[in-house]
Engineer: 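Would you mind keeping the following structure in view while I ask a few things?
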Number of protein chains: 2
Amino acid sequence: MAKTSQAAGLHRASLTKLHDLDAALELMYYGWRGMTLEADEYLAKQGLSRPHHRILYVVARRPDIAIGSLIEILGISKQALNRPLNLLLERKLLTSKRSPEQHRSKLLRLTAAGQRVEQRASDHERKVLREAFDRVGAPGAAAWMGVMEAIADAN
Amino acid sequence: MAKTSQAAGLHRASLTKLHDLDAALELMYYGWRGMTLEADEYLAKQGLSRPHHRILYVVARRPDIAIGSLIEILGISKQALNRPLNLLLERKLLTSKRSPEQHRSKLLRLTAAGQRVEQRASDHERKVLREAFDRVGAPGAAAWMGVMEAIADAN
DNA sequence: CGCCTCATGTCAACCATGTTGACTTCAGAG
DNA sequence: CTCTGAAGTCAACATGGTTGACATGAGGCG
């Protein structure tokens, strides 16, 4: 047992805090990991990963989205989108069809199977959030959202 | 201008919310991006990236750490650590030396230059957090920490 | 009809970050 | 001198990105 390999857990290392915000900084890191861990495990079991989930997530919330718009939202190149997208089409988690009038673009939509996978993966993430929110109550949750909005819009 | 390429910004896409926690879920995503964006840009200018920063961050808070411990904390394989670590040593941002009595392991330490880079990169991240905390006040910040701890320890 | 444009698709080369597995080297312990 | 533990190194591979170049398919229009 050379490798410690609690692997997934990766206990929040207790490092000396050089600055008062170091704890918050590390919490952001471990928070992201904590939220996505179970979802990633579920996705891996389906032979999928984070990029696939991101596609499913967006298409679920923008049915009939065109590929170009998807590229914009995901912020990756069309070549980078290509492989995961084709996998999802092959697996019939997504369908694409030309729109009736706007024939130039293809419209993406989730199949029932795709909805199921998207929902289960996202559920894992939402479950973590829900439990955390439950622990601190509605005011705490609202405060969290306020801080995260400020951080997200920092740029 | 085929590509929209607000690149770094990647405006928080306004997606239809299918669940009440979707907003929180997306905030975690964009929060992480928001916190790390400027730091990553700074690191890129130095020819470094996130893994290098993680090494520097840990070594800064655990001077004289052995390589094996660093591997454990970072949660990656020794081969994965190898390249970024060697780059940092070549660039003289880190030093390694055998310990006086425990000659088997090498101890890592930041050089003055290494400290500078670590500090500047982390400062970018702390700045984002500080501004967000300032906007919501101490109670909001405390609530945020509480939620993040619950999320981080979900596993 | 022929041509232009736009959205999409595809191919190739490349890079960074990670993985396993196998092997070497160095240094102290016995 | 041999064993062991920490570290270093080499090779093969997977994944998720990048650019650049080029092909295809469908309207728009002169």
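Sequence lines set the chain letters: A, B, ... in the order given, protein chains first and strands last, and positions in each chain run from 1.
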Engineer: Whole angstrom is fine here: how far is it from CG in B/Leu70 over to P in D/dA7?
Structural biologist: 10 Å
Engineer: Thinking salt bridges, do A/Arg120 and A/Asp123 make one under a 4.0 Å N-O criterion?
Structural biologist: no
Engineer: Rounded off to whole Å, could you give me the CG-to-C1' distance for the B/Asn82 and C/dT20 pair?
Structural biologist: 15 Å
Engineer: Under 4.0 angstrom, heavy atoms only, what part of the nucleic acid is A/Arg50 near: base, sugar-phosphate, or nothing?
Structural biologist: nothing
Engineer: Without decimals, in angstroms, what is the distance between B/Leu107 CG and C/dC26 P?
Structural biologist: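 Going from CG in B/Leu107 over to P in C/dC26 covers 19 Å.
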Engineer: Nearest whole Å is fine: how far is D/dG16 P from A/Ile55 CD1?
Structural biologist: 10 Å
Engineer: OP1 or OP2 of D/dG16 versus the side-chain N and O atoms of A/Ser49: is any pair under 4.0 Å?
Structural biologist: yes
Engineer: Does the side chain of A/Lys78 get closer than 4.0 angstrom to OP1 or OP2 of D/dT18 through an N or O atom?
Structural biologist: no
Engineer: Looking at A/Lys106, I'd like to know whether one of its side-chain N or O atoms comes within less than 4.0 Å of OP1 or OP2 on C/dG9.
Structural biologist: yes
Engineer: Would you say D/dT9 has OP1 or OP2 under 4.0 Å from some side-chain N or O of B/Asn86?
Structural biologist: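 B/Asn86 to D/dT9 OP1/OP2: side-chain N or O found under 4.0 Å.
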Engineer: Side chains of A/Leu129 and B/Met28, heavy atoms from C-beta outward: is any pair under 4.5 Å?
Structural biologist: yes
Engineer: Grab the NZ-C1' distance between B/Lys97 and C/dA27 for me, whole Å please.
Structural biologist: 18 Å
Engineer: Can you measure A/Ile71 atom CD1 to C/dG9 atom C1' for me and round it to whole angstrom units?
Structural biologist: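 Distance check: A/Ile71 CD1 to C/dG9 C1' gives 10 Å.
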Engineer: Under 4.0 Å between a side-chain N or O of A/Ser77 and OP1 or OP2 of D/dG17?
Structural biologist: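 It does not, given that no N or O in the side chain of A/Ser77 lies less than 4.0 Å from OP1 or OP2 of D/dG17.
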Engineer: Quiz question: by atom type and distance under 3.5 Å, do the side chains of A/His124 and A/Thr36 form a donor-acceptor pair?
Structural biologist: no
Engineer: Can you tell me the distance, in whole Å, between the CD1 atom of B/Ile76 and the P atom of D/dA7?
Structural biologist: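 Roughly 14 Å, once rounded to whole Å.
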Engineer: Does NZ or CZ of A/Arg61 lie under 6.0 Å from the centre of the six-membered ring of A/Tyr57, at an angle within 45° of the ring axis?
Structural biologist: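 The answer is yes, since A/Arg61 meets both limits relative to A/Tyr57.
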Engineer: Do the side chains of A/Arg126 and B/Asp22 get close enough for a salt bridge, i.e. N-O under 4.0 angstrom?
Structural biologist: yes
Engineer: Could you check which of D/dG25, D/dG17, C/dT17 has an atom nearest any side-chain atom of A/Arg98?
Structural biologist: D/dG25
Engineer: Pick the nucleotide of DNA chain D nearest each of A/Gln79 and A/Pro51; which residue has the one closer to the 5' end?
Structural biologist: A/Pro51
Engineer: For the pair made of NE2 in A/His52 and P in D/dG17, what is the distance, rounded to whole Å?
Structural biologist: 9 Å
